[in-house]
Amino acid sequence: MKRTLYNQLVEWKNSPARKPLILEGARQVGKTWLMKEFGKNKYENMVYVNCADEDFAKSLFLRDLKPDRILRDIVANTRQRIEPGNTLLIFDEIQEAPNGITSLKYFCEDAPEQHVIAAGSLLGVIHHPGESYPVGKVNILRLYPMSFEEFLWARGYEKLAEILKACEWESIEVLQSTLEDLLRQYFYVGGMPEAVLDWTTHEDVLNIREIQNRIINSYANDISKHAGAEAERIRMVWNSIPAQLAKDNKKFIYGAVKKGGRAKDFEVAIQWLVDAGLVHKIYRSKSPEMPLKFYEDFNAFKLFLLDVGLLGALTNASPAQMIVNNDVFKEFKGAFTENYVLQQIVPDRSLSICYFSKDNSKIEIDFLVQTYSRLIPIEVKAEENVKSKSLRQFITIDHPDKNLKGLRCSMKPYIDQGWMENIPLYSILGYINKQLEKEKNAFKV
């Protein structure tokens, strides 16, 4: 498989300001595979220490946190040499080794010549009592489930991915049937690497659902392990998300989790899920102005799952409904399509993302996305009716002074209507990346 983040690992390796790297991410998004693939391809040798499975690793950082001593113990136990610059040292599931996370500070200060990557699920790395996070002493990268582009790479459609990336609209329209079929597959399979790999090998819908259910069960087990007294409330919020997304107004309603529920009952549980990387929390914007962060309304938000495939498993949506025809694009009031669109763009940390609505109006904009120099109102349309009344009024009547240009994502081909562009759903990542590239080039002039 091929992952976009791989190139950022190469940049980290070559950086003169390199520090120990923490590779963050929810469980089972592919961190271990990516680290090993990177080590195999870019270093003369790789030393892999699994802090969850190897007994010596669990006591490795207890005696002291001196890198020289730690390295000697690793060499003695693995019988592998560790040479600065030539060896990649990997600490996997580092949260399972007491003081493991803290030790990275000392690798930064006392052994900067060593190339060290540590990884663990966010469930363990963030919620790890008794340890200080080495702020300022580590580099951080975040791995997400596979995007639609990465899914195409895994399926062998590299050229198709290039066409989407380049936004070659005429070619994309010619290939519409193929792209729609692949997008239906992605909605069902999602971006969890184990599911994608199994799909590329067997194309067995029942296998995929078993894998997804196994991942969901592992999250439930981790919640029980790490969340303590909040575990039940976390499960209640998690299980309510599909129903929340299936509403016309997808604003999170506490009363939909539990009758009479209020913010103070569930705000800790929600933040726990956000910190663990299992959900994305998108706030409402009070005004379509930059910077968006200034206008976030912390009392109104939507929650989306980390992966559209897991959303299908959590709702128990049938394979036939999702793969055989276009029902998936219009059922559940667009829940899948909105989750999909967010999943494609949220990994780019340079973007600010909100949504917009008014309590006294039916006008709602699915997403407001801030790039380096542009605010993009995005409307996600999954049904055949693609009239954009809310988007048109928002841009041309309510906020004509803002000089906004809208973006509608639908199953229709590309068209530029002046005040709004329509792009096919499968083009969203390519469109946003092309916009960012254009803006970067403008800054260089």
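- Under the salt bridge (Lys or Arg N to Asp or Glu O under 4.0 Å) criterion, Lys293 pairs with Glu296, not counting sequence neighbours.
- Screening residues 234-243 for salt bridge (Lys or Arg N to Asp or Glu O under 4.0 Å), with sequence neighbours left out, gives Glu232-Arg235.
- Among the candidates Cys354, Ser352, Ser357, the single residue satisfying the side chain to side chain contact (heavy atoms under 4.5 Å, CB included) test with Ser285 is Cys354.
- Residues that satisfy the ring-ring contact (aromatic ring centres under 6.0 Å, His included) test with Tyr144, not counting sequence neighbours, are absent from this structure.
- Taking the charged nitrogens against the carboxylate oxygens, Glu168 and Lys159 have no contact shorter than 4.0 Å, which rules out a salt bridge.
- Using a 4.0 Å cut-off between a side-chain N of Lys or Arg and a carboxylate O of Asp or Glu, Asp110 and Lys66 do not qualify as a salt bridge.
- The list of salt bridge (Lys or Arg N to Asp or Glu O under 4.0 Å) pairs with a residue in residues 41-63, not counting sequence neighbours, reads Arg63-Asp73.
- Scanning for ring-ring contact (aromatic ring centres under 6.0 Å, His included) contacts around Tyr372 gives an empty result, with sequence neighbours left out.
- In summary, the side chains of Asn422 and Tyr414 do not present any donor paired with an acceptor at a separation below 3.5 Å, with no hydrogens or angles considered.
- Residues satisfying the side-chain contact (heavy atoms from CB on, under 4.5 Å) criterion with Ala300, sequence neighbours excluded, are Lys251, Arg284, Asp297, Tyr355.
- Note: Trp12 and His115 have perpendicular aromatic rings, judged against thresholds of 30 and 60 degrees for the angle between ring planes.
- By the salt bridge (Lys or Arg N to Asp or Glu O under 4.0 Å) test, Arg3 pairs with Glu150, sequence neighbours left out.
- For Tyr426, the ring-ring contact (aromatic ring centres under 6.0 Å, His included) criterion is met by no residue, not counting sequence neighbours.
- For Asp416, the side-chain hydrogen bond (donor to acceptor under 3.5 Å, both in side chains) partners two or more places apart in sequence, or in a different chain, are Lys405.
- Sorted pairs that involve residues 74-83 and meet salt bridge (Lys or Arg N to Asp or Glu O under 4.0 Å), not counting sequence neighbours, are lacking altogether.
- Classified by interplanar angle (parallel below 30°, tilted 30° to 60°, perpendicular above 60°), the ring pair Phe301/Tyr254 is perpendicular.
- Note on Glu338 versus Lys250: salt bridge recorded, some NZ/NE/NH1/NH2 to OD/OE distance being below 4.0 Å.
- In summary, Lys40 and Glu37 engage in a salt bridge, as defined by a charged side-chain N under 4.0 Å from a carboxylate O.
- With respect to the salt-bridge test (charged N to carboxylate O, under 4.0 angstrom), the residues Arg69 and Asp64 qualify.
- For Glu364, the salt bridge (Lys or Arg N to Asp or Glu O under 4.0 Å) test picks out Lys302, with sequence neighbours left out.
- In this structure, Glu289 has no salt bridge (Lys or Arg N to Asp or Glu O under 4.0 Å) partners at least two apart in sequence or on a different chain.
- For the pair Lys2 and Glu158, the salt-bridge criterion is not met [side-chain N within less than 4.0 Å of a carboxylate O].
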